[in-house]
Structures are given as C-alpha cells and as structure tokens.
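Notes follow once the structure below has been shown.
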Amino acid sequence: MGKQRKTWTTDVKEAIVLSVLRGELGVAEAARQHDVNESLIHSWKAQFLEAGRARLAGDRPDQGVSLLERENDRLKRIVAEKELELDIARKVRRL
C-alpha cells in the first residue's frame with residue numbers, strides 16, 4: 001500500500017513558519033522537530049511571505065466578497081422589480 005500523506009493545519013504551518021522567521025529555529029531543526037520535509041517548510045515560508053507582500057500592496061481578500069455582495073444586491077433588486085411587475089400583471093388580468 002502507498003504511504004498516506006500527513007496533513008498540517010494552518011495553525012501548525014503558521015507556528016512553524018513564524019518560528020523560522022523569528023530565528024527561533026532553523027529550517028532543518030524545525031523540520032526535524034515537526035517531522036516535516038525541509039522543502040515543505042520553505043514552500044510554506046514563501047507562501048506566507050507572498051501573502052503578506054500581496055496584502056501590503058493593497059490586495060484585499062475581501063474585495064472579491066464585496067464585489068459578489070454588490071452583485072447579489074443588484075440581482076435582488078432586479079428580482080424584486082420583476083415580482084412587482086408580475087403582481088401588477090396578475091391584478092390587471094383580474095379586472
């Protein structure tokens with residue numbers, strides 16, 4: 001049977017990366033302590049720094065959410081208008 005990969009929680013990844021960035025542990029030492037491949041720690045560190053760099057550049061993870069919220073509000077208004085039109089049409093037919 002193949003060996004099953006170990007999964008790491010975000011909290012554990014963050015703790016390992018921060019300990020390396022603070023200089024508390026070297027990458028090799030952190031890898032030994034946490035039974036992680038060194039290249040994986042390097043990847044996590046690069047991802048962590050890139051996310052921070054993007055945020056400092058003004059990228060906001062919630063921009064997509066607010067865009068979707070605005071689109072949702074717009075669509076709700078359209079549906080409400082169509083419901084009103086249908087209601088008026090039904091009343092006119094009854095006359």
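Hydrophobic clustering (side-chain heavy atoms under 4.5 Å, transitive across Ile, Leu, Val, Met, Phe, Trp, Tyr) groups V27 together with V36.
Checking S39 against N37 by side-chain atom types alone, a donor-acceptor pair falls below 3.5 Å.
A heavy-atom distance below 4.5 Å is not found between the side chains of K91 and L95.
Heavy atoms from other residues, nucleotides or ligands lying under 6.0 Å from CG of D87 number more than 12.
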Working note: F48 + L21, criterion side-chain contact (heavy atoms from CB on, under 4.5 Å); need CA distance, chi angles, decisive distance, verdict. CA-CA 10 Å; F48 186 87; L21 289 173; 3.8 Å; yes
For a side-chain contact (heavy atoms from CB on, under 4.5 Å) check, start with the C-alpha distance between T9 and K13, then their side-chain angles and the critical distance, and finish with the verdict. CA-CA 6 Å; T9 66; K13 292 177 189 179; over 6 Å; no
For a side-chain contact (heavy atoms from CB on, under 4.5 Å) check, start with the C-alpha distance between L68 and N72, then their side-chain angles and the critical distance, and finish with the verdict. CA-CA 6 Å; L68 288 173; N72 191 25; over 6 Å; no
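Here Q47 contributes atom CD and S43 contributes atom OG; the two are 6.0 Å apart, rounded to the nearest 0.5 Å. The CG atom of L40 sits 14.0 Å away from atom NZ of K45, with the distance rounded to the nearest 0.5 Å. With rounding to the nearest 0.5 angstrom, the CG atom of L86 is 6.0 Å from the CD atom of E83. The structure places CG of L49 at 10.5 Å from CG of L56, a figure rounded to the nearest 0.5 Å. In this structure, I41 CD1 and W8 CH2 are separated by 8.0 Å, a value rounded to the nearest 0.5 Å.
Between R32 and E29 no salt bridge is recorded (no basic side-chain N to carboxylate O distance below 4.0 Å).
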